[in-house]
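Heads up: the structure comes next, in structure tokens.
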Amino acid sequence: MPSPRVIYWFRTDLRLHDSPALQAALELKPECFYPIWTWDPHYVYHARVGPNRWQFLLECQSDLSKSITKLNSKSKLFLIREAPQTLFPKLFKEWNITHLVFEKDTDAYGRERDGKVKELARKAGVEVIIRPGRTLYDSDELVKENHNKPTMSITQVQVAGAKIGDIVRPIPAPKSLPDPGPTTLSFAQQKPASSPDINTIQRDAEETSYNTLAGLNNDFAVPTMEEIGLKPATSPHRGGETVALKMLDDIIANEDYTATFEKPKTAPTAFEPQATTLLSPYLHFGALSCREFYWRVQDVVSKYKDKASQPPTSLTGQLLFRDMYFGAQAALGYAFGQTYNNPRCRFIPWHLPSEIDTNSGLITGRYFVDSAEAEVLFKRWKEGRTGFPWIDALMRQLKLEGWIHHLGRHAVACFLTRGGCYVDWERGAEVFEEWLIDHEAACNIGNWQWLSCTAFFAQFYRCYSPIAFPQKWDKEGDLVRKYVPELEHFDKKYIYEPWKAPIVDQKKWGCLVKGDGTETADGKLKMYPKPMLDFAKQREICIQGMKNAYQVGLYGNDPKVLDGTWRRLFKDDAEGPTEGSKGLPGAQVTHENANAETDGVEDGEHAAPPGPKSERKGPKKAANKGKSVHKREASQTTLDSMVTRKKKKD
DNA sequence: TCAATAGTTGACATT
DNA sequence: GAATGTCAACTATTG
């Protein structure tokens, strides 16, 4: 039996503390130990990742690399710029590897990738060791104890969790690490296909991270933002296990906060400091272990006995919700991330429905513009110029900093979907995926389904007001003043509804409320848009639409949804793309090559004012016009060809 | 079987 | 200002 030569493959576990997989790797007593990261083109080209989350990732990697070097001056995090699916067979041979060890990933894409890597290892005679560690409970085990069903409520998580047993106590960080062996790379690099590339909009220079195998200085260094060609990051939040553990220490030191935390009582209007822990991005990248967090909190809670808050509102309750969403995703796979073919997601004929690849049954990442005015509402929502200061402040904070309070996310998600614009939750989830530094696919998808009342939650008549809700938390409107500075001098009486302020006052306070937000100044005066919709009216339309869709009662996997005949069950004038009795699968609107630069709807910027169906006189066509449609041509099923194909010449 | 009740985080009026 | 009830009425669980 040769001495173990081990690759430890870091992915969503960028830490040394409490890593069951890392512990398993070290128990092998390796002769050579290679801590590596492979540069997965899925992240570079396919998932939506903005500069803020990129920077957070790079900071987590740098911090981890330094921590590794502190334990062994010969070692570091070796970043190898190639897709794992093509790199590993060559690397196994080159470094004479005997074991590959990594933390389990239950994300839909993660499972697919790891399945392929396991197969490659088997062929190369390399033993693969996988340990769960990303969640409180192993998500697959949680599903198993939930009668092999996706975990759809917190009670189910608690019952299934109790059957599994106690949440495991955290493992200390290793005190030393074995040397790596030789790190020569004599093989040729295989570049991934750089097309399709959803992230061109995130860059202001060429993406050159695949120009070398081991980086510009051949030292396996963490790439710079420049190497990836990214636009500058703007988030104030810094990544890394070191920062995370310090933040956790500070939270735990405040025992009252830790033990009596109740999420619904934390203010979404608070900033500097925010009302919640802001540990979610560290949990996402694995810079902080959720079990470390859980037990540090639980030990304080135990001291407080009956004075402590309880799940689901307590701090540990938040971690249970995370496990719930991971369990739902582990059971449902790719279908969890979409309505189409999802047995647990209600079918609502939202505006701007997703394009479906009928071969794979998966969404393509593009969508249909069934209504030009809905497209305008969506654009204005994304850009933070809805004319509702609370919504705009949050969307601008999100884009700038990559993090907003959980209840702020509720407010903007409700507004986009069932409580305002009646736009598909998948559109909103895509924007969050792009901008959040803590974007966790399972949690993001689950929360969007929750807020849109398509799964997990059903009380659609409980609708967040963009005026009354923030008023409850902050009468002064400080968050608005910070992120919507044009309203900085408005009296608090009008801060959440500035269109009601008298014109003389608007002039006095230096900002006119007019237009649609495309212009920002009128002479010396600033401009802020008028509200893009009548909230009270739109709320009624949405609630009626939801009530109707609930009565029809379809789920995403209903045959009538799959083949498009669901339209027979809706009246033509029901809210959403409901006309006719037959149509394309899902809520797609007409047969059309979605790559085509054709359109059948008037220019969105000049659309009629909001109102039900106002623009849908005459034949209905899909508008997939230019910039308004996401340029993602491949569905998830084509990922494999994406990484194994040679880079095409331009 | 079915009524009662609970469900992390609504708005508004009244006490 | 905090607590409670009503609005209109959802699903899933429980006894």
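Excluded from the calculations below are hydrogen atoms, water molecules and symmetry mates; all remaining heavy atoms, backbone and side chain alike, are included.
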Handout entry: B:dT1 versus C:dA9 - spacing of their P atoms, nearest Å
Key = 27 Å
Exercise for the section: May I ask you to establish whether A:Lys582 and A:Trp566 are in a cation-pi arrangement, using a distance under 6.0 Å from NZ or CZ to the six-membered ring centre and at most 45° from the ring axis? Expected result: no
Fill in the blank from the handout: Heavy-atom closest pair (A:Leu319 atom, A:Cys290 atom, distance to 0.1 Å) is CD1-O, 3.7 Å
Completion exercise
Atom CZ of A:Arg462 and atom P of C:dT11 are separated, to the nearest Å, by 14 Å
Practice task
Assign A:Gln156 to base, sugar-phosphate, or nothing according to its heavy-atom contacts below 4.0 angstrom with the strands shown.
Solution key: sugar-phosphate
Handout entry: Covered region of DNA chain B, 5' end to 3' end, by chain A [heavy atoms, under 4.0 Å]
Key = B:dG7 to B:dC12
Practice task
Have a look at A:Phe469 and say if it touches a base, only the backbone sugar-phosphate, or nothing, with a 4.0 Å heavy-atom cut-off.
Solution key: sugar-phosphate
Problem - Euclidean distance for P, C:dG1 against B:dT9 (whole angstrom) - result: 25 Å
Practice task
Would you mind classifying the nucleic acid contact of A:Trp450 as base, sugar-phosphate or nothing, using non-hydrogen atoms under 4.0 angstrom?
Solution key: base
Practice task
Could you check whether A:Tyr550 gets within reach of a base, just the sugar-phosphate, or nothing at all, counting any heavy atom under 4.0 Å?
Solution key: sugar-phosphate
Completion exercise
Atom CG of A:Asp474 and atom C1' of C:dG1 are separated, to the nearest Å, by 16 Å
Handout entry: Test item: A:Arg134 and A:Asp105 side chains (from C-beta on) under 4.5 Å apart, heavy atoms
Key = yes
Exercise for the section: Compare every heavy atom of A:Glu486 with every heavy atom of A:Tyr528, then report the nearest pair and how far apart it is. Expected result: CD1-OE2, 3.6 Å
Exercise for the section: For A:Arg539 and C:dA8, give me the distance from atom CZ to atom P, rounded to whole Å. Expected result: 11 Å
Handout entry: Gap between atoms CE and C1', on A:Met152 and C:dC10 respectively (whole Å)
Key = 15 Å
Exercise for the section: Check the distance between C:dT14's P and A:Gln158's CD and give it to me in whole angstrom. Expected result: 12 Å
Exercise for the section: Classify the ring geometry between A:Phe56 and A:Phe285 as parallel (under 30°), tilted (30 to 60°) or perpendicular (over 60°). Expected result: parallel
Exercise for the section: Might you point out which heavy atoms bring A:Lys307 and A:Thr260 nearest each other, and give the distance in Å? Expected result: O-CG2, 3.7 Å
Exercise for the section: Assign A:Gln318 to base, sugar-phosphate, or nothing according to its heavy-atom contacts below 4.0 angstrom with the strands shown. Expected result: base
Handout entry: Listed partners of A:Asp478 passing side-chain contact (heavy atoms from CB on, under 4.5 Å), at least two apart
Key = A:Phe271, A:Asp474, A:Glu476, A:Arg481
Practice task
Determine the interatomic distance between P on B:dT8 and the same-named atom on C:dA2; round to the nearest Å.
Solution key: 25 Å
Practice task
Using a 4.0 Å heavy-atom cut-off across all strands, classify A:Arg409 as base, sugar-phosphate, or nothing.
Solution key: nothing
Practice task
Please lay out, stage by stage, how A:Asp256 and A:Tyr304 fare under the test side chain to side chain donor-acceptor pair (under 3.5 Å).
Solution key: CA-CA 9 Å; A:Asp256 265 327; A:Tyr304 271 63; 2.8 Å; yes
Exercise for the section: Quick one: stems involving DNA chain B, counted as three or more successive Watson-Crick or G-U pairs, both distances short of 3.5 Å. Expected result: B:2-7 with C:10-15, B:10-15 with C:2-7
Exercise for the section: Look at all strands and tell whether A:Lys547 reaches a base, only sugar-phosphate, or nothing, counting heavy atoms closer than 4.0 Å. Expected result: sugar-phosphate
Problem - Within 45° cone of A:Tyr550 ring axis and under 6.0 Å: A:Arg346 NZ or CZ - result: yes
Problem - P spacing across the pair C:dA8 / B:dA3, given as an integer number of angstrom - result: 22 Å
Exercise for the section: Ignoring hydrogens and angles, state whether a donor on the side chain of A:His17 or A:Glu292 is under 3.5 Å from an acceptor on the partner side chain. Expected result: no
Handout entry: Spacing between A:Arg418 atom CZ and C:dC10 atom P, to the nearest angstrom
Key = 14 Å
Exercise for the section: Have a look at A:Ile154 and say if it touches a base, only the backbone sugar-phosphate, or nothing, with a 4.0 Å heavy-atom cut-off. Expected result: sugar-phosphate
